[in-house]
Structure formats: structure tokens, C-alpha cells
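What follows is a set of notes on a single structure, which appears directly below.
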Amino acid sequence: VDPNQGLADGAYSSVRPQSEVADPASELTSLLDHYHQAVFNFLTVLLGNRDAARDCTQDTFLRTYENLRKGKPVNVYWLYRVARNRATDILRLNRREHLTVERLDESQPDSAGSWFQSDRVRDTLLKLSPPDREVLYLAEVDGLTSLEIGRMLGIRPGTVRMRLTRAHVRFRKSYAEQS
Amino acid sequence: MIAHAQFRRMMACPTELSLTEQVRLNRHLDSCLDCRSAAALMTENRSQLRSLGRLRPPPEHREAILAAADRSQEVASQLLPIVFAFLIVPLSLVSIALVMNYGWTALAGIIAFIVLFGAATVWHASRIGGISELPLRPERSSAVPALIRTLAVDVGGMIGGIVVLVGAVALVSLLARAVR
């Protein structure tokens, strides 16, 4: 499975009939094959912290497994929504306890190799507010449409486009400030 | 006349535009310098964001998730008998006491209560932690940790159960007295 393939192109882009859903364990394995890296990256961008993203990814997939065990099918939008809600909980908790979200530690070796080559883009992205960050990431990195993002976030596609426009302006401004 | 803001929203999702919208946008861009520079800015952002490398999760992470999933199943299957084992003792004592005092009517009442309470628990358990409607209903996000929420629901359910139990016992005893 190509982890960089478009999220909406995968087998889980729509709710599959119950008859097509395999047993929960194999379904979880298949979901991990398709979306483990994508969810982990999304959460890393959203939380700005790899350890927190790792825990949050695990939490998301465990919740998915729980859902599958109850015989409820899941799709990629559901998965992302759960991931995003978990991340929102963590961010809210951190804010309440006056903790700052740890930035990605550049001394950590990066197995993908290229993430840290785009330091400036990454830093700019992390400086945006989480709502700007998530909408920009989902649209421009994961390549989702405004309808799909709207489904994930529970908002209308028009609102997504509006947020995206603002996020683009803020991203550019922040990027220019860094130079 | 479409405002500039609306053209910019169109530029944010260029692949989603219809042919008519695309033509209208291009015509506007030909005549509006501000929107043209905004479009260039978005294109530049887009190419920079798409060049972001992907982090690979740690190799052991996948196995850790699968192991945790296995454990969660084991814990659930181990917990249920323990809960029942603890429940069965007080319930049996209460049943014996009621049957000795009020006869078989009380036993019928207890059985009916257990069946109803069990059905309510099963229904409640099937709803907790899951989203039955996909994918349009947004999941509510809460600052209260999931464990505390679950505990609160369980404690609330327990208090409700005790209230219902006391009520059921009182009702059965009243009925038994009336029959006598």
C-alpha cells in the first residue's frame, strides 16, 4: 500500500456494506496498512510533538478497533475525525495546564529523511493556529476536497473554503516573517 | 458581481470548480492584479506544502497498536466474569431474603428487574464509545478525559440501578401485601 496515495482513493473512502467487513483484527491490520503513516503525520502536524502524536495515533486505532468489534464499519473520514478530536482534547488540556506543546525535536533521527529538509515550511505550519494548520494540511498535503474536509470536521464546504483562504494568507505572512 | 473574497475562496480549491466557475475566475484574474497575486501566493504555498516530507512512524509502533488491541479484548473478556461474580453474590442474597419474606412473587419481580437491567446495560454498552451514524454526525470533543467520562456514566448507571432496585423491591412488596 502506498502510504502517500490520496486518502479518498483508498478502500475506506466510503462506508462499506457490513457483509464486506472482515473480522475486526484483520480490518484493523488493513486500516493500519492504509492509514497508519497518514494519521501519524496528520497528528504530528496538529500536535507539533511526535511522542504525543504516537500516543494519539494508538488511541485512535484502538478506538477504531473498539468500533469494529461492535460491528460498526469505519471509513477514513471517521478515522481522521477521531484522530482530530483526540488531538483537540490534548491541545485543550495543554492550554488549560499552561503547558506549551513541544516542538519537533530536530536532533531526533528522521527515518523518512525529507521532513527536516523542509524546516522552514514545517516551522511556519507549526506557528499557525491548530484550525488553520489542520485545514491547510488536509487540503494541500493530504489533497482532500472541501466536501471531504467538511465531513471530517462537521462543517460546511463553504466554511472550509473560507478557512482555507485565510489559512493560506496567514501561512504566507508567517513564512515571510521568518525570512 | 462576485466579490473578490468569493473569487479567493474559489482559488483555494481550484480542482473543485466547474467549467463555468473556472472561466469566470480566469476572466477575473485577467483584470484584477490583487487577486492574481493572491492566486500566485496560494500556488506557491501549495507547492511548498506538498514538498513536505512524510514522517515514518517508529517501526515498533504498529506492533504496539496491535498488541494493545489484543490486550483490550482480553481485559474486556476478563473483566466481565469478575463483575458478574461480584454482582451475583449480593443479588443472590437479596433474592433469597425477598423470597423468604415475600414468596415467589418477589422472585418473579427480581428476575424481571435483572432481565430489564441487563438489556439496558447491553444497549448502553453498545452505544458507549461508538458512533453509529457515519460520517455526517461530528463527534463531540470534550476536555473531560474518556476514563472519567466512562466512570461517571458507570457510577451514574449504578446509582440509577440502585434506585430502580429499591423501587422495584418496594413495588413487589406492596403487590405481595395486596395479594395477601
Side-chain angles (χ1 to χ4, degrees), chain A residues 3-4 15 25 28-29 32 36-37 40-41 44 50 54 57-58 61-63 65-67 69-70 72-75 77-78 81-82 85 88-89 92-93 96 110-118 121-122 125 136-137 139-141 145-146 151 153-154 158 161-162 164-165 168-169 171-172 175, chain B residues 5-13 15-16 38-73 76 125-146:
Chain A
N4 290 320
V15 179
L28 178 69
T29 313
L32 280 167
H36 186 200
Q37 187 174 4
F40 177 70
N41 275 277
T44 307
R50 261 200 271 201
R54 204 169 45 208
T57 305
Q58 176 158 336
F61 280 101
L62 286 182
R63 199 172 149 81
Y65 184 59
E66 230 174 82
N67 220 50
R69 269 175 45 198
K70 287 175 189 160
K72 294 173 187 170
V74 300
N75 64 9
Y77 309 115
W78 186 91
R81 204 167 60 214
V82 172
N85 287 348
T88 308
D89 284 347
R92 197 181 292 159
L93 199 70
R96 207 173 47 204
D110 174 33
S111 48
S114 48
W115 175 271
F116 291 109
Q117 287 165 19
S118 33
V121 178
R122 172 181 55 89
L125 202 53
L136 209 54
Y137 184 87
E140 307 303 354
V141 182
T145 65
S146 56
R151 268 190 203 171
L153 308 183
R161 284 194 284 269
M162 199 166 70
L164 190 55
T165 310
H168 267 292
V169 174
F171 180 86
R172 182 49 43 188
Y175 189 83
Chain B
Q6 197 169 342
F7 279 118
R8 286 179 192 193
R9 283 199 290 274
M10 286 161 84
M11 288 186 284
C13 303
T15 53
E16 298 173 37
L41 172 154
M42 283 185 190
T43 311
E44 205 180 334
N45 284 353
R46 211 163 277 140
S47 78
Q48 279 169 340
L49 286 163
R50 283 179 189 167
S51 69
L52 263 183
R54 298 265 180 154
L55 279 177
R56 216 170 287 151
E60 68 281 0
H61 191 226
R62 182 193 154 90
E63 299 312 314
I65 294 173
L66 290 171
D70 270 353
R71 273 200 307 275
S72 75
Q73 197 168 11
S126 70
R127 284 183 63 84
I128 268 198
I131 299 168
S132 51
E133 293 160 28
L134 284 170
L136 292 174
R137 197 180 73 180
E139 190 199 10
R140 259 187 323 137
S141 176
S142 165
V144 184

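- Under a 3.5 Å cut-off, the side chain of B/R50 and the backbone N or O of A/E140 do form a donor-acceptor pair.
- The CG atom of A/L62 sits 10.5 Å away from atom OG1 of A/T57, with the distance rounded to the nearest 0.5 Å.
- Highest contact tally toward chain A, considering only B/R62, B/M11, B/R8, is held by B/R62 [criterion: heavy-atom pairs under 4.5 Å].
- Side-chain contact check for A/L32 versus A/L28: some heavy-atom pair is nearer than 4.5 Å.
- Interface check for chain A: of the options B/R46, B/H61, B/E44, the most heavy-atom pairs under 4.5 Å are formed by B/H61.
- No side-chain heavy atom of B/N45 sits under 4.5 Å from any side-chain heavy atom of A/Y175.
- Neither the backbone nor the side chain of B/A38 comes within less than 4.5 Å of any heavy atom in chain A.
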